[in-house]
*Asks:* 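So that we are looking at the same thing, I have put the structure below in structure tokens.
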Number of protein chains: 2
Amino acid sequence: MRDKHKTAAMLAIGNEILSGRTRDANAWLAAQRLFECGCRLVEIAVVPDAESHIVSSLSRLKDSYDAVITSGGIGPTHDDITMQSVARAFDVALVEDEGTLSAMARRYGRASLNFGRKRMARLPEGAAPIICEKSIAPGAHIGNVYVLAGVPEIFASQLETILDNFGDRPFMRRQLDVALPESSFAKPLEEIQAHFPNVEIGSYPHRCGGRPEGKVCLSSQDAPQLDEAVAAVRAMLERLG
Amino acid sequence: MRDKHKTAAMLAIGNEILSGRTRDANAWLAAQRLFECGCRLVEIAVVPDAESHIVSSLSRLKDSYDAVITSGGIGPTHDDITMQSVARAFDVALVEDEGTLSAMARRYGRASLNFGRKRMARLPEGAAPIICEKSIAPGAHIGNVYVLAGVPEIFASQLETILDNFGDRPFMRRQLDVALPESSFAKPLEEIQAHFPNVEIGSYPHRCGGRPEGKVCLSSQDAPQLDEAVAAVRAMLERLG
């Protein structure tokens with residue numbers, strides 16, 4: 001059994017996100033699921049449906065992190081160029097996957113294997129198809145890259161099939177409500193953070209009718225350390241409040 | 001008057017997005033508003049509250065696009081390190097902004113200028129403060145980089161104050177409903193795209209009770225070309241449907 005991925009990046013591909021037409025859902029889901037699995041998502045990138053952008057971002061990310069998950073651009077239309085871009089990033093050919101063609105022929109009949117359907121059966125050479133119940137068109141796994149669909153329902157289904165490769169020790173999160181201005185506890189919070197290097201502490205203010213209000217959020221893979229840090233922050237806030 | 005920015009990148013800074021705690025709202029808003037202004041958002045990046053990540057991403061993005069908008073990390077707590085990272089990316093010092101300190105002193109009294117408040121008054125040397133009605137802590141404009149807050153209400157308010165620098169000719173979007181499988185119109189849609197290089201055409205399927213359903217989305221800065229392309233897609237779909 002090989003080691004599970006401890007760090008990951010997400011590469012969302014699609015003009016529809018960059019033009020504000022569509023609010024990202026896939027990176028958000030991946031962030032939640034990877035956290036629960038204990039894999040650190042270190043970077044999210046969103047790039048257009050343009051081969052040069054996909055290739056350069058993917059090349060950078062796959063060399064920087066244990067794994068990369070991509071979403072989008074694997075359908076049959078002209079703007080779906082993720083598979084050819086992944087093939088180029090790995091310097092391999094794009095080949096029709098026989099298993100996918102057979103599955104499509106069984107479902108639709110061989111005569112219906114038109115231009116568009118055949119396009120969806122192309123994978124980078126050497127890639128394993130990622131198959132889920134929501135779509136007959138597969139994703140692809142090659143090297144440390146997982147190529148998933150953009151349609152959120154299909155992305156979510158494909159994501160569940162690969163998560164076993166990610167993380168080894170779940171992250172846990174605790175949150176404390178705060179009704180003080182951040183500036184009043186910034187210094188003691190910094191001191192607590194310095195005492196707990198294995199706990200990540202963040203402060204997130206939000207507005208609520210003019211009074212200061214927010215949350216201090218703590219997360220860690222180490223439950224006893226997390227408990228201790230939560231207790232320290234709570235005691236500090238009670239002292240100030 | 002200098003030229004308006006025609007391309008931009010968005011750099012969202014914050015562990016809360018990467019851990020799945022918070023769904024991004026700021027990049028989504030920026031994408032919508034830049035589209036309406038006629039500035040092409042070419043890349044979105046989300047990075048953690050870590051100086052090395054912020055500096056390397058910002059350096060790459062500011063050299064690649066006309067402008068960069070950042071969000072997050074400008075509060076008073078230890079995880080707010082955007083201003084110091086921007087200063088490092090521009091190789092300048094971080095200095096207390098006298099105008100901000102004066103405004104804080106007027107609002108809260110000089111005795112209340114504690115560690116946290118003074119921290120929020122620090123800007124990269126040479127930066128102009130970005131001031132909005134929602135927060136006394138400013139954003140910063142230096143070179144081609146605009147440093148905005150992470151709290152969505154403040155981000156939105158600051159964004160409106162800088163948008164006059166972005167874009168020159170609004171993008172327009174038109175969408176057509178489609179009840180055919182993408183694979184059946186992939187080829188003719190590709191031909192239409194080839195005829196209209198100034199119109200960006202995307203196909204976005206979604207699931208609806210098992211029947212194929214989706215939208216073909218067309219956008220452009222050129223209204224007559226957009227009208228012609230919409231007519232061509234509509235005629236093609238009617239021919240097939």
Side-chain angles (χ1 to χ4, degrees), chain A residues 12 14-24 27-36 40-49 53 57 75-79 114-117 119-120 134 151 153 171 173 181-187 189-190 193 200-207 217 219, chain B residues 12 14-24 27-36 40-49 53 57 75-79 114-117 119-120 134 151 153 171 173 181-187 189-190 193 200-207 217 219:
Chain A
N15 296 345
E16 71 277 21
I17 299 174
L18 295 164
S19 71
R21 176 191 179 275
T22 302
R23 185 178 189 179
D24 164 71
W28 189 47
L29 178 69
Q32 295 171 75
R33 297 294 289 123
L34 291 173
F35 183 89
E36 290 161 2
R40 188 175 292 274
L41 178 62
V42 189
E43 189 167 340
I44 298 168
V46 185
V47 297
D49 301 310
H53 281 276
S57 293
T77 53
H78 63 276
D79 52 333
N114 57 17
F115 170 86
R117 292 224 164 95
R119 213 162 176 275
M120 286 195 284
K134 298 287 184 187
V151 176
E153 189 184 341
F171 286 100
R173 179 187 291 125
E182 275 191 302
S183 53
S184 69
F185 61 83
K187 187 85 180 163
L189 192 68
E190 181 165 17
Q193 173 68 85
E200 188 179 288
I201 307 178
S203 170
Y204 304 108
H206 50 255
R207 301 278 136 161
C217 175
S219 63
Chain B
N15 296 344
E16 72 277 20
I17 299 173
L18 295 164
S19 71
R21 175 191 181 274
T22 302
R23 184 178 190 181
D24 164 71
W28 188 48
L29 177 68
Q32 295 171 75
R33 297 293 288 122
L34 291 173
F35 183 89
E36 291 161 0
R40 188 175 292 274
L41 179 62
V42 189
E43 189 167 341
I44 298 169
V46 185
V47 297
D49 302 310
H53 282 275
S57 294
T77 54
H78 63 276
D79 52 333
N114 57 17
F115 169 85
R117 293 224 163 96
R119 214 162 175 277
M120 285 195 284
K134 297 287 184 185
V151 176
E153 188 184 341
F171 287 101
R173 179 187 291 123
E182 275 191 302
S183 53
S184 69
F185 61 82
K187 187 87 181 160
L189 192 68
E190 182 165 17
Q193 174 68 86
E200 187 179 288
I201 306 178
S203 171
Y204 304 108
H206 51 256
R207 300 278 136 164
C217 176
S219 62

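FYI, side chains are in, hydrogens and waters are out, and symmetry mates aren't considered; it's all heavy atoms of this structure. Chain A is the first sequence line, chain B the second, and so forth, proteins listed ahead of strands; every chain is numbered from 1.
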*Asks:* Using atom types as modelled and distance alone, determine if a side-chain donor or acceptor of B:Arg173 lies under 3.5 Å from a backbone N or O of A:Ser19.
*Replies:*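 Checked: pair present.
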*Asks:* If you count heavy-atom pairs under 4.5 Å with chain B, which of A:Arg119, A:Arg117, A:Lys187, A:His78 comes out on top?
*Replies:*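 So the answer, after comparing A:Arg119, A:Arg117, A:Lys187, A:His78, is A:His78.
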*Asks:* Given the options A:Glu43, A:Glu182, A:Glu190, which has more heavy-atom pairs under 4.5 Å with chain B than any of the others?
*Replies:*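 Most pairs with chain B among the choices: A:Glu182.
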*Asks:* Which answer fits B:Leu29, side chain, backbone, both or neither, if we ask what part of it has an atom under 4.5 Å from a heavy atom of chain A?
*Replies:*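 Neither part.
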*Asks:* Can you say whether B:Tyr204 sits under 4.5 Å from chain A via the side chain, the backbone, both, or neither, judging by heavy atoms?
*Replies:*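 It is the side chain, since no backbone atom gets that close.
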*Asks:* Which atoms of B:Thr22 come close to chain A, meaning under 4.5 Å heavy atom to heavy atom: side chain ones, backbone ones, both, or neither?
*Replies:*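 Interface part for B:Thr22: backbone (N, CA, C, O).
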*Asks:* With a 4.5 angstrom heavy-atom cut-off, which part of B:Glu200 approaches chain A: side chain, backbone, both or neither?
*Replies:*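 The answer is the side chain of B:Glu200.
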*Asks:* If you count heavy-atom pairs within less than 4.5 Å of chain A, which of B:Ile201, B:Ile17, B:Asp49 leads?
*Replies:*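 The candidate making the most pairs under 4.5 Å is B:Ile201.
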*Asks:* Using non-hydrogen atoms only, which part of B:Asn114 is less than 4.5 Å away from chain A: side chain, backbone, both, or neither?
*Replies:*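 Only the side chain of B:Asn114 comes within 4.5 Å of chain A.
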*Asks:* Quick check against the 3.5 Å criterion: does A:Asp79 have a side-chain atom that pairs as donor or acceptor with the backbone of B:Ser203?
*Replies:*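 Yes.
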*Asks:* Shortest non-hydrogen contact from A:Met120 to B:Ser183?
*Replies:*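 Taking A:Met120 first and B:Ser183 second, the nearest heavy atoms are CE-CB, 4.5 Å.
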*Asks:* Which answer fits B:Glu16, side chain, backbone, both or neither, if we ask what part of it has an atom under 4.5 Å from a heavy atom of chain A?
*Replies:*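 B:Glu16 touches chain A through backbone and side-chain heavy atoms alike.
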*Asks:* Quick check: closest heavy atoms across B:Gly116 and A:Ala186, and the distance to 0.1 Å?
*Replies:*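 What the structure gives for the nearest pair is CA-CB, 4.3 Å.
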*Asks:* Any heavy-atom pair between the side chains of B:Arg21 and A:Phe35 that's under 4.5 Å?
*Replies:*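 They are not in contact (no side-chain heavy atoms under 4.5 Å apart), so the answer is no.
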*Asks:* Testing A:Leu34, A:Val42, A:Ile44 one by one against B:Leu18 for a side chain to side chain contact (heavy atoms under 4.5 Å, CB included), which residue passes?
*Replies:*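 Looking at A:Leu34, A:Val42, A:Ile44, the match for B:Leu18 under the side chain to side chain contact (heavy atoms under 4.5 Å, CB included) is A:Ile44.
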